[in-house]
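Sequence positions, counted from 1, serve as the residue numbers for this chain. Because only heavy atoms are used, hydrogens play no part in the values below, and waters and symmetry mates are left out as well, while side chains stay in. Whatever order the structure lists them in is the order used to number ligands and atoms, beginning at 1.
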Amino acid sequence: MEEKINFEKLRQEMVEHQIKSRGIKNPAVLSAFLKIPREKFVPADLQVCAYDDCPLPIGYGQTISQPYMVAIMTELAEPTKEEKVLEIGTGSGYQTAILCELGCQVYSIERIPELAEKAKKTLKELGYKPTIIIGDGTIGYAEFAPYKLIMVTAGAPEIPQSLIEQLDEEGRIIIPVGDLYSQELIKGIKRKGKLIKEYHGGCQFVPLKGREGWK
Ligand code: SAM
């Protein structure tokens, strides 16, 4: 007989051993990770690995990021309730769910329609109501700009100018920038139209493809 997986226990262990122990402290971020069922965001045959300390394939050559990477990006982003957030790279929708759980008003763009539709369905089933847009996120989404926070979950060759323009004054952008194989996690804060950058270590993301990304 097949043994039932205790996802809640796996989720608690993930938060303790992969996230808290590596320095993530924001209580709201930790409680969002404790609440969201990551197993719903991975393909059925990979649910058993949903809480492993690594990214996982979600189809179409794309991945759901490693839990710790989602956590460090969220902690650096400092999202607050009611804030208007633009996410580029919906993927599975897991990062979108974390932002929704933190009370943000989320607009999320995904270039692969099948992934966008799947994420939309998963998020709806869990009661979250982000706006999911199919398109090229490298040019942002001017219709709802400016954004207090922009989170890019794919690796860019440089920070797209359109995204800088669509950031609110004092807005933040979190984005991995580098070559196709490795990137550095950057937090940019807009001040008087310029971006002040902080560097937060190496990472590896799938490429951000589009007009202001990789061709
Ligand atoms: N945040 C996602 C999650 O929690 O599952 C992981 C995202 S995955 C690492 C990166 C995603 O960015 C992929 O789904 C990919 O199709 C998408 N992507 C790449 N370039 C894009 C672009 N220009 N606009 C929108 N999405 C893009």
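- Between T96, T153, L99, I58, it is T153 that holds the heavy atom closest to atom 7 (C) of ligand 1.
- Within ligand 1, the atoms closer than 4.0 Å to a non-hydrogen atom of T138 are 23 (N), numbered from 1 in the order shown.
- Of the possible polar contacts, none joining the E184 side chain to the V177 backbone as a donor-acceptor pair under 3.5 Å is found.
- Contacts of P207 with ligand 1, taken as heavy-atom pairs under 4.0 Å, involve the backbone alone.
- Close approach of ligand 1 to I64 (heavy-atom distance below 4.0 Å) involves ligand atoms 5 (O).
- For ligand 1, the polar-atom distance check finds an N/O of E110 within less than 3.5 Å of one of the ligand's N/O atoms.
- Between Y68 and F33 the shortest side-chain heavy-atom distance does not fall below 4.5 Å.
- A salt bridge is absent between E170 and K192: the closest approach of a Lys/Arg side-chain nitrogen to an acidic carboxylate oxygen does not fall below 4.0 angstrom.
- Regarding atom 3 (C) of ligand 1, its nearest protein heavy-atom neighbour is S92 OG, 3.5 Å.
- For ligand 1, the atoms lying closer than 4.0 Å to a non-hydrogen atom of D136 are 23 (N), 24 (N).
- Linking Ile, Leu, Val, Met, Phe, Trp and Tyr whenever their side-chain heavy atoms come within less than 4.5 Å puts M69 and V42 in one cluster.
- A salt bridge links E101 with K35: the distance from a Lys NZ or Arg NE/NH1/NH2 to an Asp or Glu carboxylate oxygen falls below 4.0 Å.
- Looking only at protein heavy atoms, the nearest one to atom 24 (N) of ligand 1 is G137 N, 2.8 Å.
- In this structure, R38 forms a cation-pi arrangement with Y94, its terminal cationic atom sitting closer than 6.0 Å to the ring centre and no more than 45° off the ring axis.
- Here atom 23 (N) of ligand 1 lies nearest to K209 when heavy atoms of K209, R111, R211 are compared.
- Residue contact check: E87 has heavy atoms under 4.0 Å from atoms 1 (N) of ligand 1.
- Of the heavy atoms in L208, both backbone and side-chain atoms come closer than 4.0 Å to ligand 1.
- Between D136 and R111 no salt bridge is recorded (no basic side-chain N to carboxylate O distance below 4.0 Å).
- In this structure, E13 places its CD atom where more than 12 heavy-atom neighbours from other residues, nucleotides or ligands lie under 6.0 Å away.
- Of all the atoms in ligand 1, the ones that sit under 4.0 Å from a non-hydrogen atom of I109 are 25 (C), 26 (N).
- Each of the following atoms of ligand 1 lies closer than 4.0 Å to a heavy atom of I112: 16 (O).
- In terms of modelled atom types and a separation under 3.5 Å, the side chain of R11 and the main chain of Y51 share no donor-acceptor contact.
- Ranking protein heavy atoms by distance to atom 13 (C) of ligand 1, first place goes to Q62 OE1, 3.3 Å.
- The G89 neighbourhood of ligand 1 comprises atoms 1 (N), 2 (C), 7 (C), 11 (C), 12 (O), 17 (C), 26 (N), with distances under 4.0 Å to a heavy atom of that residue.
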Contacts table for residues 115-124: side-chain donor-acceptor under 3.5 angstrom, sequence neighbours left out:
{"unit_1": "K121", "atom_1": "NZ", "unit_2": "E125", "atom_2": "OE2", "d": "3.4"}
{"unit_1": "T122", "atom_1": "OG1", "unit_2": "K118", "atom_2": "O", "d": "2.9"}

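- Residue contact annotation: P55 has no non-hydrogen atom under 4.0 Å from ligand 1.
- A salt bridge links D53 and R22; the closest N-O separation between the charged side-chain nitrogens and carboxylate oxygens is under 4.0 Å.
- A salt bridge is defined here as a Lys NZ or Arg NE, NH1 or NH2 lying under 4.0 Å from an Asp or Glu carboxylate O, and K187 with E78 meets this definition.
- Among protein heavy atoms, the minimum distance from atom 4 (O) of ligand 1 is reached at Q95 N, 3.1 Å.
- Per-residue contacts place S65 under 4.0 angstrom from the following atoms of ligand 1 (heavy atoms of the residue considered): 6 (C), 9 (C).
- Residue L115 places no N or O, backbone or side chain, under 3.5 Å from any N or O of ligand 1.
- The backbone and the side chain of T63 each have at least one atom closer than 4.0 Å to an atom of ligand 1 (non-hydrogen atoms only).
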